[in-house]
Amino acid sequence: MPLQRSNTADKFIVDRRKPHRNSDVARAVRRTRDRLSQQAGSLDFDRELLKLHARAMVVSAIAIPLLVLAVAAIGRLAGLDNQIVIWALSTLLCYTIVAFMARRVERTEAAELDPVQTRRDFLIGHFLCGLGWAWFAWIGCDACQIDQFHVAKAMVMLIAMATTAVMASSLGGALLATFAIPVAVYVYTIMRLWTPIEATMAALLIAALPFFGYVARHLNRASLMLLSFRSEKDALIAEVETAKSMSDEARRRAEDANLAKSRFLASMSHELRTPLNAILGFSEVMANEVLGPMNNPTYRDYAHDVHESGQHLLDLINEILDLSRIEAGRYQLNEEPVVLLTIVEDCCHMMELRARNKDIRVIQEFEETLPRLFADERAVRQITLNLLSNSIKFTPSGGEVRVRVGWTAGGGQYISVKDNGPGIPEEEIPVVLSAFGQGSIAIKSAEQGTGLGLPIVQGLLAMHGGEFELHSKLREGTEAIAIFPLSRVMEELPALPTKAVATRGRR
């Protein structure tokens, strides 16, 4: 199946390690929010505002009708004639028309709405409701038993005005269309009396209309911000979905690349090792002059160089395969009880000749009577040899390498290899611990290296549940510590007394 490539443009994803990039993302989000909030005049926003208004009218459709019914009931009890009942029925009819209109708009898809026509219909409906309140403001009560009847009417209109300001805040101009005429009618009706209390209530109604209009405008802005945030959320969700699809595509590509790498290593390991074995064997025969002396000593030196280069290439192939198996989780541990002291001591003897050739002393400081570890002996040997090889490689002539084995503070066991070489700069330690990573000193050194020794050590220790620590100071030296956890330490059981063993045998 051919590898498919994504046609989606790259996106910038938030990276917590890069503050400057996070600030760019924050500025982009703010610009998006400002752009969305400035689109209130667009058709999409107008449709959404009309949908919000319709939803608000449907949810609170019973509020003002209950007020109308309560006013009608109290008016009849107070001695008003049937005019208050007729007013109540007509006003309820107007609000019912608005409620049915809102229900129809709510059930209609936003894309199918005509914003201009729908807004006009709503304003006409609110205007009709306002005519009902104008009729209420005109109603008189010469024979009723309510003192200060005009004050009671003003209080009812204030309650209705406040309720309408909250309910119809998503529709600009709805409050003015509903209560501009009723307030004017109320002021006209009390001009005949114009007592201080009636004048105060008229002034209160006149002041309340712009005040509640101001409140409605702020609620309308809140609705706009709600729509802006909703649009921004949808845009961010789209961004996340795009990033997710890109990450899925990248993960699939990485899996394909990893599979191709595994197949390549599996095939090339055999293809490279077969000729390398021949090169190593024949070059060793020629260098040692097994079949007879070489007349030209330069050829013998060339044979030595060929053998060393082939051995280096073989070691590199083995290290790459080991690291690949560790990263793929295919490195099988052959766990058994091992003695850490014995393994480290054998590794020190193996590296003794190499250290002696560079005039380096290997100092061993081992704690006695360490219990056995449950670990893979081959892996432990590889860990120790890699640490010793690195220390001897970068320690100058006349230096020393100090090897220690002992207990950790948590009850585990550790291997420490410390040298007095040139050290590693602090900023280069992460590079040294990465695959194929080499510090500036290693690059300048004449010693050959692949940069895979410490990553292999980290991987093997991780498979044992252990930890690896690297401490270094420039021009002072480096200490590498391999730590095996307490769970790997096997406690030796105490021997039973002879009498107890004999007693159990008789039983």
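Sequence positions, counted from 1, serve as the residue numbers for this chain.
- The closest side-chain donor-acceptor pair between R47 and T118, if any, does not fall under 3.5 angstrom.
- Not a single donor-acceptor pair under 3.5 Å links the side chain of E467 to the backbone N or O of P485.
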Decide yes or no on side-chain contact (heavy atoms from CB on, under 4.5 Å) for V338 and L340, but give the supporting numbers first.
-> CA-CA 6 Å; V338 297; L340 189 60; 6.0 Å; no
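- In this structure the side chain of F484 never reaches within 4.5 angstrom of the side chain of V489, judged on heavy atoms.
- Closest approach of G213 to L175, counting heavy atoms only: N-CD2, 3.4 Å.
- Taking all atoms of both residues into account, the shortest heavy-atom contact from C347 to T384 is CB-CG2, 3.7 Å.
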Dump the intermediate steps for side-chain contact (heavy atoms from CB on, under 4.5 Å) on L333 and H464, then the final yes or no.
-> CA-CA 9 Å; L333 292 179; H464 286 84; 3.7 Å; yes
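- Counting heavy atoms of neighbouring residues, nucleotides and ligands inside a 6.0 Å radius, atom CD of E426 does not exceed 12 of them.
- Side chain of E106 to main chain of V58: no donor-acceptor pair is present (N/O by atom type, distance under 3.5 Å, no hydrogens or angles).
- Between D256 and R252 there is a salt bridge, since a side-chain N of the basic residue sits under 4.0 Å from a carboxylate O of the acidic one.
- Counting only heavy atoms from C-beta outward, the side chains of F468 and P455 never approach each other to under 4.5 Å.
- When every heavy atom of E367 is checked against every heavy atom of L341, the shortest pair comes out as O-CD1, 3.2 Å.
- Within 6.0 Å of the CZ atom in F366, the count of heavy atoms belonging to other residues, nucleotides or ligands exceeds 12.
- With a 4.5 Å cut-off on side-chain heavy atoms, L370 and V405 count as touching.
- Looking only at side-chain heavy atoms (C-beta outward), Q413 and T408 stay at 4.5 Å or farther from each other.
- H218 places no side-chain N or O within 3.5 Å of a backbone atom of Y214 that could act as its donor or acceptor partner.
- N386 CG to K393 NZ: the interatomic distance, rounded to the nearest 0.5 Å, is 9.0 Å.
- Among the candidates E255, E249, R253, the single residue satisfying the side chain to side chain contact (heavy atoms under 4.5 Å, CB included) test with R251 is E255.
- When each of L387, D419, L388 is paired with V403, the side chain to side chain contact (heavy atoms under 4.5 Å, CB included) condition holds for L388 and for no other.
- For the atom pair L49 CG and L171 CG, the distance stands at 9.0 Å (nearest 0.5 Å).
- The line from CZ of F212 to OG1 of T163 is 8.5 Å long, rounded to the nearest 0.5 Å.
- Annotation for E109: atom CD does not count as buried by contact number, only 12 or fewer foreign heavy atoms lying within 6.0 Å.
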N/O donor to acceptor pairs below 3.5 angstrom from side-chain atoms of residues 473-480, sequence neighbours left out:
| residue | atom | partner | partner atom | Å |
| --- | --- | --- | --- | --- |
| T478 | OG1 | S472 | OG | 2.9 |
| E479 | OE2 | R404 | NH2 | 2.9 |
| E479 | OE2 | S416 | OG | 2.6 |

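- Across all their heavy atoms, I392 and I360 have their closest contact at O-CD1, 3.7 Å.
- With D359 contributing its side chain and S397 its backbone, the two residues share no donor-acceptor pair below 3.5 Å.
- To the nearest 0.5 Å, atoms CG (N390) and OG1 (T395) are separated by 10.0 Å.
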Check the pair L280 / H307 against side-chain contact (heavy atoms from CB on, under 4.5 Å), numbers first and verdict last.
-> CA-CA 5 Å; L280 290 175; H307 186 272; 4.1 Å; yes
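- Within 6.0 Å of atom CE in M101, more than 12 heavy atoms from other residues, nucleotides or ligands are found, so the atom counts as buried in its surroundings.
- Here the CD1-CD distance, from I343 to Q382, works out to 12.5 Å after rounding to the nearest 0.5 Å.
- Although no hydrogens or angles enter the test, the distance criterion places a donor-acceptor pair under 3.5 Å between the side chain of R119 and the main chain of G172.
- The line from NE2 of H304 to CD of E284 is 10.0 Å long, rounded to the nearest 0.5 Å.
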What's the verdict on side-chain contact (heavy atoms from CB on, under 4.5 Å) for V401 and V417, showing C-alpha distance, side-chain angles and the deciding distance?
-> CA-CA 7 Å; V401 174; V417 180; 3.8 Å; yes
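- Without hydrogens or angle criteria, K418 side chain to S391 main chain gives no donor-acceptor distance under 3.5 Å.
- You'll find the side chain of R381 reaches within 4.5 Å of the side chain of D346, heavy atoms only.
- The minimum heavy-atom distance linking V166 with L219 is given by the pair CA-CD1, 4.0 Å.
- Side-chain contact check for K51 versus L113: some heavy-atom pair is nearer than 4.5 Å.
- Of all non-hydrogen atoms in V306 and S283, the two that sit nearest each other are CG1-CB, 3.9 Å.
- Side-chain atoms of R488 come within 3.5 Å of backbone atoms of F374 as a donor-acceptor pair (strictly under, hydrogens ignored).
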Take R354 and S389, measure what side chain to side chain donor-acceptor pair (under 3.5 Å) needs, and give me the verdict at the end.
-> CA-CA 9 Å; R354 184 176 175 183; S389 175; 3.2 Å; yes
